[in-house]
S.K.: 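Next up is a structure, given as structure tokens.
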Amino acid sequence: MILVTGATGHVGSELVRRLAAAGEPVRAMTRRPAKARFPAGAEAVHGDAADPESLAAAFAGVDGVFLMSAQAVGTAPEPTHDLALAAAAERAGVRRVVKLSTLDGGTGDDPIAHWQRTAEAAVTDPARGFAWTLLRPGRFMSNALQWAGQLRAGDEVAIPFADRPAASIDPADLAEIAAQALTTGEHAGAVHELSGPQSLTPTEELAVLGEILGRDLRVRSVPVEAARAGMSRYGFPPEVVDAIMRRTLDGDRGSEVLPTAEKVLGRPARTFAQWARAHAEEFPRA
């Protein structure tokens, strides 16, 4: 049995579909299983990393697990959700663990690096005995789904850091790599830093999306201080906001096209245009 945590998320939902289609026994963990829609063959189960006692039933009888957490960096003294998930996996005797991390993981000295280092160590600790794989992607192509609400109101989209390029990756490609790691022994101990095949700015991605939707879409730039204020409203503490701003404005990490995805997939990673065509129905056309 393979357990997918974060099963309604961008990567988790793709992974559940892929595993179910392949006939793999898969259990999809969500806080609200009654409201979730999963494909035939997938077992929906309740589990909440904020409530560690709820995890035992979800992890029971599981051999492999996809671990991800949406807990925002800095909203607790340490990544309590990742720690709870890893502990539940250990108690259940899980063998294979694929952890969705972030580009660079725990490299560096800022609060983001400290958080990610602790989260990854919860999986890679030799004492736990996992055959682990770390996936370290940069920006997701599916971040563009955040524009859908604005596109219902008109052709202009407010985008912070609209001219900052990134080699975004399709979550479906991440799911395919995760499925490989969970169903074979080929990726044990691997740290995969992953990107898509092109480095595009959000402005360029919006232009691609507009062409596919048949709309003349425009970017409205968001001032830096407004972007900072938005992060604070989201709940990030000041030191984390500062770290995000430094990473975004003072460096170009994440803009490089990395070879890993194509090598692991055995084919080119999907482009943003391919992702946009596959998800066009999630955006209004007029």
Side-chain angles (χ1 to χ4, degrees), residues 2-26 28 38-39 41-42 63-68 95-105 107 116 120 123-124 130-145 165-201 204-205 208-209 212 252-280 282:
I2 295 173
L3 175 67
V4 177
T5 69
T8 59
H10 294 171
V11 180
S13 59
E14 294 279 3
L15 179 57
V16 170
R17 280 194 289 271
R18 174 169 286 276
L19 292 171
E24 297 285 347
V26 57
F38 295 117
D63 297 313
V65 62
F66 175 75
L67 291 188
M68 67 80 58
R95 296 183 298 111
R96 287 180 182 154
V97 175
V98 176
K99 163 80 173 107
L100 182 63
S101 186
T102 60
L103 193 64
D104 289 333
T107 303
Q116 298 297 347
E120 289 188 348
V123 168
T124 62
F130 298 145
W132 54 263
T133 305
L134 298 181
L135 305 184
R136 291 178 171 178
R139 191 169 76 197
F140 290 179
M141 292 176 182
S142 54
N143 287 3
L145 292 171
S168 300
I169 189 166
D170 187 338
D173 284 341
L174 288 172
E176 186 171 337
I177 294 169
Q180 284 188 27
L182 287 164
T183 58
T184 75
E186 297 175 3
H187 300 272
V191 179
H192 291 318
E193 296 208 327
L194 299 156
S195 80
Q198 302 165 290
S199 185
L200 299 175
T201 66
E204 291 168 331
E205 290 181 341
V208 171
L209 180 62
I212 289 168
D252 61 358
R253 184 64 169 145
S255 64
E256 179 186 2
V257 174
L258 303 172
T260 317
E262 181 172 351
K263 180 179 178 180
V264 174
L265 293 167
R267 59 164 175 80
R270 294 181 181 89
T271 65
F272 183 79
Q274 289 174 304
W275 176 88
R277 288 190 193 98
H279 294 269
E282 299 180 59

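Heads up: numbering here begins at 1 and tracks the sequence.
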S.K.: Between L182 and L15, is any pair of side-chain heavy atoms under 4.5 Å apart?
M.R.: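 Yes, close enough: below the 4.5 Å cut-off.
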S.K.: Show me, pair by pair, the donor-acceptor contacts under 3.5 angstrom made by side chains of residues 255-265, not counting sequence neighbours?
M.R.:
residue, atom, partner, partner atom, Å
S255, OG, D252, O, 2.6
T260, OG1, E193, O, 2.8

S.K.: Roughly how far apart are K99 NZ and W132 CH2, rounded to 0.5 Å?
M.R.: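 Nearest 0.5 Å value for the NZ-CH2 distance: 12.5 Å.
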S.K.: Answer yes or no: is there a side-chain heavy-atom contact under 4.5 Å between F38 and T8?
M.R.: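 Side-chain contact under 4.5 Å: yes.
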S.K.: I'd like to check the salt bridge (charged side-chain N to carboxylate O under 4.0 Å, His left out) partners of D104; sequence neighbours left out, ordered by chain and number.
M.R.: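 Checked D104 against salt bridge (charged side-chain N to carboxylate O under 4.0 Å, His left out); matches are R253.
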S.K.: Show me, pair by pair, the donor-acceptor contacts under 3.5 angstrom made by side chains of residues 16-24, not counting sequence neighbours?
M.R.:
residue, atom, partner, partner atom, Å
R17, NH2, E14, OE1, 3.4
R17, NH2, E14, OE2, 3.4
R18, NH2, E176, OE1, 3.3

S.K.: Side-chain contact, heavy-atom cut-off 4.5 Å: E204 with Q198?
M.R.: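 No - every pair of side-chain heavy atoms lies 4.5 Å or more apart.
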S.K.: Could you tell me whether the side chain of V4 reaches within less than 4.5 Å of the side chain of S13, counting heavy atoms only?
M.R.: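 Not in contact.
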S.K.: Mind checking what makes salt bridge (charged side-chain N to carboxylate O under 4.0 Å, His left out) contact with D170, not counting sequence neighbours?
M.R.: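 Checked D170 against salt bridge (charged side-chain N to carboxylate O under 4.0 Å, His left out); zero matches.
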S.K.: Are T201 and P165 side-chain neighbours, meaning at least one heavy-atom pair lies under 4.5 Å?
M.R.: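 T201 vs P165: side chains touch.
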S.K.: Mind checking what makes ring-ring contact (aromatic ring centres under 6.0 Å, His included) contact with H192, not counting sequence neighbours?
M.R.: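 Per chain and number, H192 pairs via ring-ring contact (aromatic ring centres under 6.0 Å, His included) with H187.
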S.K.: State whether a side-chain donor-acceptor pair under 3.5 Å links S168 with R139.
M.R.: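 Checked: S168/R139 side chains pair up, N/O donor to acceptor below 3.5 Å.
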S.K.: Could you tell me which non-hydrogen atom of A178 sits nearest to which non-hydrogen atom of L135, and how far apart they are?
M.R.: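 Looks like CB-CD1, 4.0 Å.
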S.K.: Could you pull out the closest heavy-atom pair between T184 and Q180, with the gap in Å?
M.R.: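 Taking T184 first and Q180 second, the nearest heavy atoms are OG1-O, 2.7 Å.
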S.K.: For H10, enumerate each residue passing the side-chain hydrogen bond (donor to acceptor under 3.5 Å, both in side chains) test, keeping only those at least two apart in sequence or located in another chain.
M.R.: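 Result, side-chain hydrogen bond (donor to acceptor under 3.5 Å, both in side chains) vs H10: S142.
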S.K.: Take E186 and T133 through the test side chain to side chain contact (heavy atoms under 4.5 Å, CB included) and record every step on the way to the result.
M.R.: CA-CA 10 Å; E186 297 175 3; T133 305; over 6 Å; no
S.K.: Taking the side chain as everything from C-beta on, heavy atoms only, tell me whether L3 gets closer than 4.5 Å to F66.
M.R.: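 They are not in side-chain contact.
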S.K.: To the closest 0.5 Å, what do you measure between CG (L194) and CG (L100)?
M.R.: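 CG of L100 is found 9.5 Å from CG of L194.
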